[in-house]
Amino acid sequence: MESYIEAKLLNKVISRFLSNEEQLLYEKVINIENMISEKALTPEHFIDLIRAESPHKHVAEAFNLSLHELLEVLKEIEIKIEKRTKMIKAEARWLDCTNVVSTAFEKDEHRKYFYTEGL
């Protein structure tokens with residue numbers, strides 16, 4: 001469940017706090033890295049595939065950047081995402097609504113319902 005919430009928070013931060021160009025660049029790199037990771041059998045194989053296919057170089061060229069510039073921009077984007085994510089997590093409030101929801105809809109004793117304010 002935590003990975004679901006983390007993914008939702010990441011999507012929110014990307015869509016709300018990055019420029020359109022930053023979003024395109026970041027999502028392009030992440031999608032390519034995800035595709036390569038699906039093919040990789042081990043972490044070492046992943047690194048070998050990254051070296052062989054050089055996807056970051058292709059993305060840099062598509063955005064008229066040098067590889068060094070692309071890596072610097074990605075580093076800045078990741079710092080922005082991390083700062084904003086930490087801030088949202090610190091400000092978020094979790095309200096336990098289990099008693100209200102479970103009595104109205106179901107009797108599963110192992111399920112909890114929360115309302116998040118600020119996410």
Side-chain angles (χ1 to χ4, degrees):
M1 180 56 105
E2 191 169 311
S3 62
Y4 172 80
I5 293 171
E6 291 289 329
K8 288 293 188 184
L9 179 57
L10 177 61
N11 288 337
K12 177 180 180 174
V13 169
I14 289 170
S15 67
R16 288 192 181 173
F17 301 108
L18 296 181
S19 70
N20 288 341
E21 187 171 314
E22 288 172 327
Q23 286 179 41
L24 287 172
L25 183 79
Y26 184 77
E27 290 173 356
K28 181 79 169 170
V29 170
I30 294 301
N31 288 338
I32 289 173
E33 288 177 352
N34 287 341
M35 288 187 326
I36 291 173
S37 72
E38 289 175 8
K39 293 191 284 185
L41 304 173
T42 65
E44 294 80 18
H45 188 219
F46 174 78
I47 297 298
D48 291 341
L49 289 172
I50 290 284
R51 285 186 184 136
E53 296 180 21
S54 59
H56 298 95
K57 185 176 179 182
H58 297 298
V59 173
E61 290 171 0
F63 283 86
N64 289 330
L65 299 169
S66 69
L67 181 57
H68 178 73
E69 289 171 328
L70 172 71
L71 296 176
E72 287 297 316
V73 170
L74 287 173
K75 190 184 304 181
E76 290 171 12
I77 289 171
E78 288 177 349
I79 289 169
K80 273 185 186 180
I81 290 171
E82 184 179 340
K83 283 182 182 179
R84 187 57 73 162
T85 301
K86 283 182 181 179
M87 192 168 77
I88 290 172
K89 283 181 178 180
E91 294 174 354
R93 288 185 340 141
W94 291 78
L95 305 173
D96 187 350
C97 301
T98 304
N99 292 337
V100 175
V101 174
S102 63
T103 56
F105 297 108
E106 64 178 81
K107 298 291 183 192
D108 186 351
E109 296 174 13
H110 303 289
R111 185 172 288 189
K112 298 282 186 182
Y113 293 93
F114 291 92
Y115 171 77
T116 56
E117 193 173 79
L119 284 182

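All values below come from the heavy atoms of this structure, side chains included, with hydrogens, waters and symmetry mates left out. Start at 1 with the first residue, then count along the sequence.
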> Residues in side-chain contact (heavy atoms from CB on, under 4.5 Å) with Glu61, at least two apart?
Replying inline: Lys57, His58
> Got a donor-acceptor contact below 3.5 angstrom from the Ser15 side chain to the Lys12 backbone?
Replying inline: yes
> Once you round to the nearest 0.5 Å, how far does CG of Leu65 lie from NE2 of His68?
Replying inline: 11.0 Å
>> I need the minimum non-hydrogen distance between Ala60 and Ser66, along with the two atoms involved.
In response: CB-O, 3.7 Å
>> Is it the case that the side chain of Glu22 and the backbone of Ser19 share a donor-acceptor pair, with hydrogens and angles ignored and the cut-off at 3.5 Å?
In response: yes
> Salt bridge or not for Lys86 and Glu82, using N-O below 4.0 Å?
Replying inline: yes
> For the hydrophobic clusters of this structure (ILVMFWY residues joined by side-chain heavy atoms under 4.5 Å, transitively), does one cluster hold both Leu10 and Leu25?
Replying inline: yes
> What distance do Met87 atom CE and Phe17 atom CZ have between them, rounded to the nearest 0.5 Å?
Replying inline: 6.0 Å
> Side chains of Glu33 and Glu38: closer than 4.5 Å at any heavy-atom pair?
Replying inline: no
> Rounded to the nearest 0.5 Å, how far apart are NE2 of His45 and CD1 of Ile36?
Replying inline: 10.5 Å
> Does Val13 reach the side chain of Leu18, with side-chain heavy atoms less than 4.5 Å apart?
Replying inline: no
> What distance separates Glu27 CD from Ile77 CD1, expressed to the nearest 0.5 Å?
Replying inline: 10.0 Å
>> Would a single hydrophobic cluster contain both Val29 and Ile47, if residues Ile, Leu, Val, Met, Phe, Trp and Tyr are joined by side-chain heavy-atom contacts under 4.5 Å?
In response: yes
>> Considering only residues two or more places apart or on different chains, which pairs with a residue in residues 62-72 satisfy salt bridge (Lys or Arg N to Asp or Glu O under 4.0 Å)?
In response: Glu72-Lys75
> Is it true that Leu49 and Met35 fall in one hydrophobic cluster, defined by side-chain heavy atoms closer than 4.5 Å?
Replying inline: no
> Are Lys89 and Glu6 within salt-bridge range, i.e. N to O under 4.0 Å?
Replying inline: yes
> How long is the span from the CD atom in Glu21 to the CZ atom in Phe63, to the nearest 0.5 Å?
Replying inline: 6.5 Å
> Below 4.0 angstrom, N of the basic side chain to O of the carboxylate: do Lys83 and Glu78 qualify?
Replying inline: no
> Looking at CG of Leu67 and NE2 of His56, how far apart are the two atoms once the value is rounded to the nearest 0.5 Å?
Replying inline: 8.0 Å
>> The test is side-chain contact (heavy atoms from CB on, under 4.5 Å); show your working for Phe46 and Leu41 and say whether it passes.
In response: CA-CA 7 Å; Phe46 174 78; Leu41 304 173; over 6 Å; no
